[in-house]
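If you read the sequence from its start, that first residue is 1, and numbering goes on from there. Because the structure is a prediction, the values reported are computed rather than measured.
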Amino acid sequence: VHFANGKMLLWPVVGMKDEVFLPVSGRQFRKVFEKDPPSPVATVMLLTPDVEGRFIQTSIGTRTLKRVPTWLAMVEIGLTGFAVLTMLSVVLYAPFWMLGGMSKKRRRPQERAMRWWPVIAVLSLAGAVALIAVSGPDIIARMGELTVWSGGVFVLTLIFAVAAVASLVSVWRAQEARKWVRRYSALVALALIIATAYLAYWGVIGLRTWA
């Protein structure tokens with residue numbers, strides 16, 4: 001968030017264009033749209049700083065943003081990108097080694113665990129996200145009580161955490177694996193552990209939406 005020419009500009013993490021807000025009165029601002037006229041009422045307010053930091057309340061109280069150090073934001077964005085790209089590489093790489101494993105000459109039992117655990121972790125996390133995404137308009141009914149949907153999210157997030165730890169253990173135990181495979185698996189395991197720690201911090205691992 002920054003200010004220029006009497007306007008407040010908000011640069012989203014996803015997207016290239018700034019959101020523009022015009023001052024209304026005091027600490028209140030209203031959003032400016034590209035084609036439509038500006039919002040008739042204030043939609044953003046700068047809250048008075050307190051012991052917890054500085055905050056901005058947007059969309060009439062539905063979202064609150066907290067100011068954090070720039071270095072922290074950059075580190076989080078970088079780690080997120082690293083984790084997402086690494087997990088995508090697991091999905092892209094898995095079919096090739098699965099097909100290669102059908103050949104007796106290319107079977108390497110010592111590398112099997114390093115390959116399978118990351119796939120299990122990525123698929124379980126994708127499954128948890130998919131359960132929430134497909135709930136759509138029924139998300140309150142499906143996630144507000146213990147159902148197959150909410151229970152599935154709970155179990156799949158736990159499987160993700162277990163598989164992430166198992167990936168790291170498998171890399172440590174596979175001393176005889178090929179160097180490039182072990183190094184790649186170490187990067188994958190590191191990304192999975194980072195994602196697990198982050199999700200656990202925010203209470204996503206073992207999430208019980210009905211509780």
Side-chain angles (χ1 to χ4, degrees), residues 1-4 7-21 27 29 31 44-59 61-94 114-115 117-130 132-133 153-154 156-172 179-209:
V1 177
H2 57 284
F3 297 86
K7 302 176 183 178
M8 184 175 73
L9 307 175
L10 191 153
W11 176 51
V13 175
V14 180
M16 298 302 294
K17 293 185 178 180
D18 286 334
E19 294 184 43
V20 182
F21 298 88
R27 297 173 178 267
F29 296 80
K31 187 172 183 178
V44 174
M45 175 179 285
L46 303 180
L47 303 181
T48 303
D50 56 22
V51 293
E52 296 184 2
R54 296 183 177 183
F55 296 86
I56 297 177
Q57 195 173 73
T58 68
S59 304
T62 59
R63 183 176 60 160
T64 301
L65 306 178
K66 180 182 179 180
R67 182 180 180 181
V68 298
T70 302
W71 67 266
L72 178 59
M74 293 297 103
V75 168
E76 289 187 348
I77 293 172
L79 290 178
T80 300
F82 167 67
V84 171
L85 292 176
T86 304
M87 285 189 277
L88 285 177
S89 72
V90 171
V91 177
L92 296 175
Y93 176 60
M114 289 194 303
R115 293 173 170 180
W117 283 119
V119 174
I120 294 172
V122 173
L123 292 181
S124 61
L125 182 61
V129 174
I132 297 175
V153 172
F154 170 75
L156 287 173
T157 55
L158 288 178
I159 293 176
F160 170 76
V162 172
V165 175
S167 298
L168 187 62
V169 173
S170 65
V171 172
W172 177 74
K179 288 185 178 180
W180 71 269
V181 175
R182 195 164 185 266
R183 290 172 181 173
Y184 169 74
S185 299
L187 287 176
V188 171
L190 177 61
L192 293 175
I193 291 298
I194 291 173
T196 301
Y198 183 81
L199 295 177
Y201 176 80
W202 290 106
V204 177
I205 302 299
L207 178 63
R208 297 184 299 165
T209 58

Which atom names give the shortest non-hydrogen contact between [X] and [Y], and what distance separates them?
| X | Y | result |
| --- | --- | --- |
| Lys31 | Glu19 | NZ-OE1, 3.2 Å |
| Gly206 | Phe154 | O-CD1, 3.4 Å |
| Ala128 | Val153 | O-CG2, 3.9 Å |
| Val90 | Tyr184 | N-OH, 3.6 Å |

Can you tell me if Tyr201 has over 12 outside heavy atoms packed within less than 6.0 Å of its OH? no
Looking at residues at least two apart in the chain, or sitting in another chain, which of them share a side chain to side chain contact (heavy atoms under 4.5 Å, CB included) with [X]?
| X | value |
| --- | --- |
| Arg67 | Arg54 |
| Leu123 | Val119 |
| Val20 | Lys7, Leu9, Val32 |
| Arg183 | Lys179 |

Is the shortest side-chain heavy-atom distance between [X] and [Y] below 4.5 Å?
| X | Y | value |
| --- | --- | --- |
| Leu207 | Trp202 | no |
| Leu168 | Trp117 | no |
| Leu10 | Val44 | no |
| Tyr93 | Arg115 | yes |
| Glu76 | Val68 | no |

Measuring from Leu199:CG to Ile205:CD1, what's the distance to the nearest 0.5 Å?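 These two atoms lie 5.0 Å from each other.
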What's the spacing between Met8 CE and Phe3 CZ if we round to 0.5 Å?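 Between atom CE of Met8 and atom CZ of Phe3 there are 5.5 Å.
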Can you tell me if Ser89 uses its side chain to pair, donor with acceptor, with the backbone of Thr86 under 3.5 Å? yes
With no hydrogens and no angle check, is any side-chain donor or acceptor of Thr64 less than 3.5 Å from a backbone partner on Gln57? no
For Thr80, enumerate each residue passing the side chain to side chain donor-acceptor pair (under 3.5 Å) test, keeping only those at least two apart in sequence or located in another chain.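 Result, side chain to side chain donor-acceptor pair (under 3.5 Å) vs Thr80: none returned.
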Show me, pair by pair, the donor-acceptor contacts under 3.5 angstrom made by side chains of residues 187-196, not counting sequence neighbours?
from, atom 1, to, atom 2, distance (Å)
Thr196, OG1, Leu192, O, 2.7

